[in-house]
Amino acid sequence: MKSIVVLISGSGTNLQAILDACERGDINGRVSAVISNKADAYGLKRAELSGVKAVVLSHKSYASREDYDRALQQEIDQHQPDLVVLAGFMRILSDEFVQHYTGRMLNIHPSLLPKYKGLNTHQRALDAGDTEHGVTVHFVTPELDGGPTVIQSKVPVFSGDTAEELSERVRHQELSLYPLVVKWFCEDRLELDGDTVLLDRQPLPTQGYAND
Ligand SMILES: Nc1nc2c(c(=O)[nH]1)N[C@@H](CN(C=O)c1ccc(C(=O)N[C@@H](CCC(=O)O)C(=O)O)cc1)CN2
Ligand SMILES: NCC(=O)N[C@@H]1O[C@H](COP(=O)([O-])[O-])[C@@H](O)[C@H]1O
C-alpha cells in the first residue's frame, strides 16, 4: 500500500475525493498526512474527521520561500511518501523542492493546460470567450503548471456562465479525475520517464481527454 501526503490550502474537496477512494479500496494507498499552509483550510477538518494527521505549516512563519520549502520537505519526508499530491495547494514551490519529488508529485490545475497557467483560470477563460474549458492533472516540475500532462477533462462553457458556475462544472470533473490518476500511480501503472508520461509502460498522448 502506497503512502500519500496531500498538500492543501483550502476547502479540500479534491482531498476528500481521494480520502473516500482510499476508504473504498479504489486506491491502493493511504493518506499518511495532510499539510496546509493556511490554518483555516477546511481540508484540515476533513483530514481530522478521517483520522488523518493534519498539519499547518504557514509560509508566513519563514523568511524566504526556500526556508519554507525546506521545512515543508522535512515535514513531508517524515511520512516517507511514495506520492505527494498537490490538491489546491496555493504556493509556488522552489526548484530544489520540486526536484526532490520528481516523478512522484502530482498537481491538479483548473484549466486545459497549457492554457491559463497560474491563477484565476475560470474568469480568464470567460474573458477570452472560450467555448470549452476544463482541468489538467500533471506531474509537477519547476516550471509553474508546465509539467507533463497525465490527463485532461473538458467541460463546455455556456453563454452567461459566471466564474463560479464554470468552476463548479470543472470541479465536478476534478473529483473523479484526480482519484483515477492517484489510483493509477498507486498501482504502479503511472510513471514519468524524463518528460514522457507512461501508463502501463506506454506513452500517453500529450493531450488526452478523459471525456472527449
Ligand atoms: N514549481 C511549481 N510549483 C507549483 C506548481 C508547479 O507546477 N510548479 N503548481 C502549483 C499549483 N498552482 C496551480 O495549479 C498554483 C498555485 C499557486 C500559484 C501562485 O501564484 N501562488 C502565489 C500565492 C497565491 C496565494 O497565496 O493566493 C505564490 O506562491 O506567491 C500559482 C499556481 C503549486 N506550486
Ligand atoms: N492553481 C491551483 C488551483 O487553482 N487548484 C484548484 O484549487 C481548487 C482546490 O479546491 P479544493 O481545496 O476544494 O480541492 C481546485 O479547483 C483545484 O483545481
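Start at 1 and go down the list; that is how both ligands and their atoms are numbered. Not measured: the values here are computed from a predicted model.
Side-chain contact check for R30 and S3: no donor-acceptor pair (N or O, by modelled atom type) lies under 3.5 Å. Neither side chain, E187 nor N28, offers a donor N or O lying under 3.5 Å from an acceptor on the other. No hydrogens or angles considered: a donor-acceptor pair under 3.5 Å links the side chains of Q152 and T136. In summary, the side chains of D161 and H122 do not present any donor paired with an acceptor at a separation below 3.5 Å, with no hydrogens or angles considered. For the 3.5 Å distance criterion, the side chains of Q73 and D69 fail to qualify, holding no donor opposite an acceptor.
Looking from atom 20 (O) of ligand 1 to the surrounding protein, the closest heavy atom is L119 CD1, 3.5 Å. Atom 30 (O) of ligand 1 has R65 NH2, 3.0 Å as its closest protein atom, hydrogens excluded (heavy atom only). Protein heavy atom closest to atom 15 (C) of ligand 1, with residue, atom name and distance, is L144 CD1, 4.2 Å. In terms of protein heavy-atom proximity, atom 9 (N) of ligand 1 is nearest to D145 OD1, 3.4 Å. In terms of protein heavy-atom proximity, atom 34 (N) of ligand 1 is closest to R91 O, 2.7 Å. Here the protein heavy atom with the shortest distance to atom 2 (C) of ligand 1 is T141 O, 3.6 Å.
Between K115 and H133, the closest side-chain pair of non-hydrogen atoms is not below 4.5 Å.
Near P142, with a cut-off below 4.0 Å to any heavy atom, the atoms of ligand 1 are 1 (N). Ligand 1 places these atoms under 4.0 Å from at least one heavy atom of H138: 7 (O).
For ligand 1, the polar-atom distance check finds an N/O of I92 within less than 3.5 Å of one of the ligand's N/O atoms. Backbone and side-chain nitrogen or oxygen atoms of L93 are examined, and one is located within less than 3.5 angstrom of a nitrogen or oxygen of ligand 1.
Taking all heavy atoms of K38, H59, M90, H109 into account, the minimum distance to atom 23 (C) of ligand 1 is reached by M90. Counting heavy atoms only, E174 comes closest to atom 16 (O) of ligand 2 of the residues E174, Q16, H122, Q173.
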